[in-house]
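Note that ligands are numbered from 1 as they come in the structure, with each ligand's atoms numbered from 1 the same way. FYI, side chains are in, hydrogens and waters are out, and symmetry mates aren't considered; it's all heavy atoms of this structure. Residue numbers start at 1 and run along the sequence shown.
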Amino acid sequence: MKIFVTRKIPGDHLEKLKKEGFEVAISEFNRVITTEGLLEGIKGVDAILSLLTDKIDGDVMDAAGPQLKLISNYAVGFDNIDIEAATKRGIIVCNTPSDEVNEAVAEHTWALILALARRIVEADEATRRGAYRGWEPDIFLGTNLIGKTLGVVGLGRIGSMVARRAQGYKMNVLYTKNSPDPDAERELGVKFASLDELLANSDFVSLHVPLTAETRHMMDKDTFAKMKKGSYLINTARGQVVDERALVDALASAQIAGAALDVFDNEPNISPEIIADQKVITTPHIASATREARDKMGEQAVAAIIDTLKGVKPQNIVDEKVWDIRRK
Ligand code: DGY
């Protein structure tokens, strides 16, 4: 059985594939694989270990050949893969959700909320530049979190972990979800709201929805206009949930006071206005970049390949119904 890995991943989990006797090829370049490289590498393989930077559509699947059984995506998000096209072809797609990844993303979200509230990045930059002249009453005034409202857009696994941490800061939490979640409300002290209500009443809005046709550019000109004046936006979900042009305008007009972004509309490109804006904190899609999370992702991505190629149902199949119609 042949496996193609589109880029080397941290840890030694790939070794397990070799120990199972599989023929493993790993892209030799430590960068996002080119389309040509991908099409060449996947020819004749039984499984692909892909990254969220690899676009895999029906044509790519067909280029691999009819023996392709599995795409094991080293990510929680799977918007880089055409799931419908995979299911139609009987190809299993697995992802890597785990507490380790979810906690890492929730912790990064909080690092960004705190950094925004207390202007940590601006203050650090000014101090290093030699601008610190001694204590002053009015430099880098930020905002307390206690008593403020956090809006969690998408109370799934990561959103819940973000909401739980808000209790420690004594914040009020509003959330959106397909329908109210009484258990979460009891456990986390959160309050269900429509997106409009949440945007109008939150001091910090944190996005935790997957990228789908419905959520693409969910934050656009209209939704930014509904945000509470002077509030903050945090995005550790997917860049395309936010229309970056509309974000630039919302910042320029002071409709919102700032933003913290781990993901971008057109990665790795970022609007020059965002880069130049002191009110924005940027990190390069590292919300899940902890050793613990990446190790778990590697473990799960490899386990899915071993299980599937041995005929065992793997964990974390994105579209469960494919199992009964899977390629053998
Ligand atoms: C994911 O897993 O989807 C993150 O964006 C990267 O780990």
For ligand 1, which atoms have a heavy atom of [X] less than 4.0 angstrom away?
X: His285; answer: 4 (C), 5 (O), 6 (C)
X: Arg238; answer: 1 (C), 3 (O), 4 (C), 5 (O)
X: Ser288; answer: 6 (C), 7 (O)
X: Met297; answer: 7 (O)

Tell me, do [X] and [Y] make a side-chain contact under 4.5 Å, heavy atoms counted?
X: Ile48; Y: Leu70; result: no
X: Tyr74; Y: Arg294; result: yes
X: Leu145; Y: Ile113; result: yes

Kindly check if the number of other-residue, nucleotide or ligand heavy atoms within 6.0 Å of NZ (Lys177) is above 12?
->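 Enclosed: over 12 neighbouring heavy atoms sit under 6.0 Å from NZ of Lys177.
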Partner of Asp265 under side-chain hydrogen bond (donor to acceptor under 3.5 Å, both in side chains), chosen from Gln240, His217, Arg216, Arg238 | His217
Examine ligand 1 and decide if any of its atoms is less than 4.0 Å from a heavy atom belonging to Val101.
->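 Contact absent.
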Heavy-atom nearest neighbour of atom 1 (C) of ligand 1 within options Asn102, Val105, Val76 |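 The option holding the nearest heavy atom is Val76.
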Looking only at side chains, do Tyr175 and Glu185 share a donor and an acceptor under 3.5 Å apart?
-> yes
Report the part of Leu52 in contact with ligand 1, treating N, CA, C, O as backbone and CB onward as side chain, heavy atoms under 4.0 Å; options are side chain, backbone, both, neither.
-> side chain
